[in-house]
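Numbered from 1 within each chain, the chains take letters A, B, ... in sequence-line order. Reckoned from all heavy atoms, side chains included, excluding hydrogens, waters and symmetry mates.
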Amino acid sequence: MSDYSWRVGGTSGISDSENGVGAVYLRKLTSSKYKGVVPQPNGRWGAQIYEKHRRIWLGTFNEEGEAAKAYDVAARRFRGHAALTNFMVSGKGIQDDIETTFLNSHSKAEIVDMLRKHTYNDELEQSAHNYGSKESGADVMESKPSVCERVQLFDKAVTPSDVGKLNRMVIPKQHAEKHLPLQLASSSKGGLLNFEDNGGKIWRFRYSFWNSSQSYVLTKGWRRFVKEKNLKAGDIVSFHRSTGSDKRLFIEWEQRDSSRKPSMKQVESGQMVRLFGVNLFSKS
DNA sequence: CTTTGTGTTGAG
DNA sequence: TCAACACAAAGG
């Protein structure tokens, strides 16, 4: 399938030579008709997506279409359900299908890693199977606790004070009143709310309204989260809620920009064991 | 050796 | 943000 074709109208000279130096493949490769797909010199296809001025390589594929699908998956994970893709249908309603759930349950790094290793479909299928059998007992969530249908409530780029000495995070009133009615918390356990992170770990925060500043805040428990995740001002904290009748809450986070080398700090701070060998956001 | 995927640039 | 291009690094 080495469809090593040249671009239409391109120069025909084919210096097939392999002279030690210099002699390069100066022929133009046929560009792909798919978004996020680039031709490789050997006739295969590479997939890539950009974020924050950086290219994130999604791997190489034999078939152009496979590369395009890889891009689609990444686009969905990086840019949301409405992202422009090659094949997927761009819907805008509630995102509650299996694949969306799967994507929401994995970090960008994990998804990219699966794409590069060509294991995405297997993982997704595995997840789907798991999901289907979740009706039996009461301990099914054991293996993959973070996998369940969820919808995003809101994101917030944490401010310096959110990660500073005040040991609290302000929840924008607009979002608090719409998604986190104070009553929800106070009624249960004295203002305590439980959030589950990607690793399935439960974080309990005190949630209350401060009259002095007329703002909704997460207080007790927040500092621990900031410390363990090594949150820095500008990082994004994302809140989700399960779509089912059980009102489970989820909290995720991601760094503001990848220029601040991630791996080391995250690893050192404990947690974050799910970073893969691949240095997704760094150069060689 | 072959192939990847990064460095880089310039267009949109 | 995006793909084209060249090629050094990575892989076998």
Side-chain angles (χ1 to χ4, degrees), chain A residues 1-92 103 106-123 155 157 234-236 238 254-264 266 274-284:
Chain A
M1 207 44 86
S2 357
D3 175 28
Y4 212 100
S5 48
W6 316 117
R7 168 176 291 175
V8 191
T11 321
S12 58
I14 301 172
S15 73
D16 180 10
S17 70
E18 64 277 20
N19 313 335
V21 224
V24 207
Y25 22 65
L26 189 32
R27 297 330 84 175
K28 293 179 179 176
L29 300 169
T30 62
S31 52
S32 175
K33 55 189 172 191
Y34 297 118
K35 184 174 175 57
V37 178
V38 300
Q40 288 297 84
N42 59 352
R44 302 183 75 219
W45 302 89
Q48 59 185 23
I49 189 170
Y50 284 79
E51 185 192 54
K52 305 276 189 164
H53 300 300
R54 305 216 176 190
R55 165 177 50 205
I56 295 166
W57 190 252
L58 305 175
T60 53
F61 306 81
N62 286 324
E63 302 302 324
E64 189 178 6
E66 289 305 305
K69 288 180 186 173
Y71 172 83
D72 287 0
V73 169
R76 273 284 172 80
R77 181 59 184 80
F78 282 70
R79 302 167 182 172
H81 196 265
L84 179 61
T85 60
N86 293 297
F87 305 119
M88 296 177 158
V89 287
S90 157
K92 35 205 181 313
L103 288 174
H106 293 77
S107 67
K108 293 176 182 176
E110 287 174 307
I111 296 300
V112 171
D113 193 64
M114 286 183 240
L115 293 174
R116 290 175 68 145
K117 290 178 177 172
H118 298 185
T119 61
Y120 176 79
N121 287 314
D122 290 335
E123 298 278 4
D155 283 350
D235 288 348
I236 307 297
S238 182
E254 66 184 47
Q255 291 181 312
R256 167 185 39 155
D257 63 54
S258 42
S259 61
R260 197 182 82 220
K261 48 198 164 200
S263 53
M264 285 311 285
Q266 295 180 344
R274 12 172 90 20
L275 281 188
F276 292 70
V278 189
N279 261 332
L280 302 172
F281 306 105
S282 64
K283 320 114 191 284
S284 59

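On a pure distance criterion of 3.5 Å, no polar donor-acceptor pair joins the side chain of A:Q48 and the base of B:dG5.
The NE2-P distance, from A:H53 to C:dA3, rounds to 16 Å in whole Å. When the C1' atom of C:dC2 is taken as reference, atom CG of A:L84 falls 12 Å away, rounded to whole Å. Distance A:Y50 OH to B:dG5 C1': 11 Å, rounded to the nearest Å. To the nearest angstrom, P of C:dC2 lies 7 Å from CD1 of A:I49. Regarding A:W45, its CH2 atom lies at a distance of 17 Å from the P atom of B:dG5, rounded to whole Å. Between the CZ atom of A:F78 and the C1' atom of C:dT1 there is a distance of 14 Å, given to the nearest Å. To the nearest angstrom, P of C:dA3 lies 13 Å from CD1 of A:I56. As a whole-Å value, the separation of A:L29 CG from C:dA6 P is 9 Å.
Listed for the A:T119 side chain is no donor-acceptor partner under 3.5 Å among the backbone atoms of A:D122.
For the OP1/OP2 pair of C:dA4 and a distance below 4.0 Å, the side-chain nitrogens and oxygens of A:S31 include at least one atom meeting the criterion. Side-chain N/O atoms of A:R116 include one lying less than 4.0 angstrom from OP1 or OP2 on B:dG5.
In this structure, of B:dT3, B:dT6, B:dT8, it is B:dT6 that holds the atom nearest to the side chain of A:W57. Minimum atom distance to the side chain of A:R55 is reached by B:dT6, of the listed B:dT3, C:dC2, B:dT6.
Distance noted for atom C1' between C:dA6 and B:dG12: 22 Å (whole Å).
Separation of atoms CG (A:N62) and CG (A:N42) is listed at 8.5 Å; rounding is to 0.5 Å. Here A:N86 contributes atom CG and A:E64 contributes atom CD; the two are 9.0 Å apart, rounded to the nearest 0.5 Å.
Under the side-chain contact (heavy atoms from CB on, under 4.5 Å) test applied with A:F61, the options A:E66, A:Q40, A:K69 reduce to a single match, A:E66.
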message = Let's go through A:V38 and A:W57 carefully: what are the C-alpha distance in whole Å and the side-chain angles of both, what is the deciding distance for side chain to side chain contact (heavy atoms under 4.5 Å, CB included) to 0.1 Å, and is it a yes or a no?
response = CA-CA 11 Å; A:V38 300; A:W57 190 252; 3.9 Å; yes

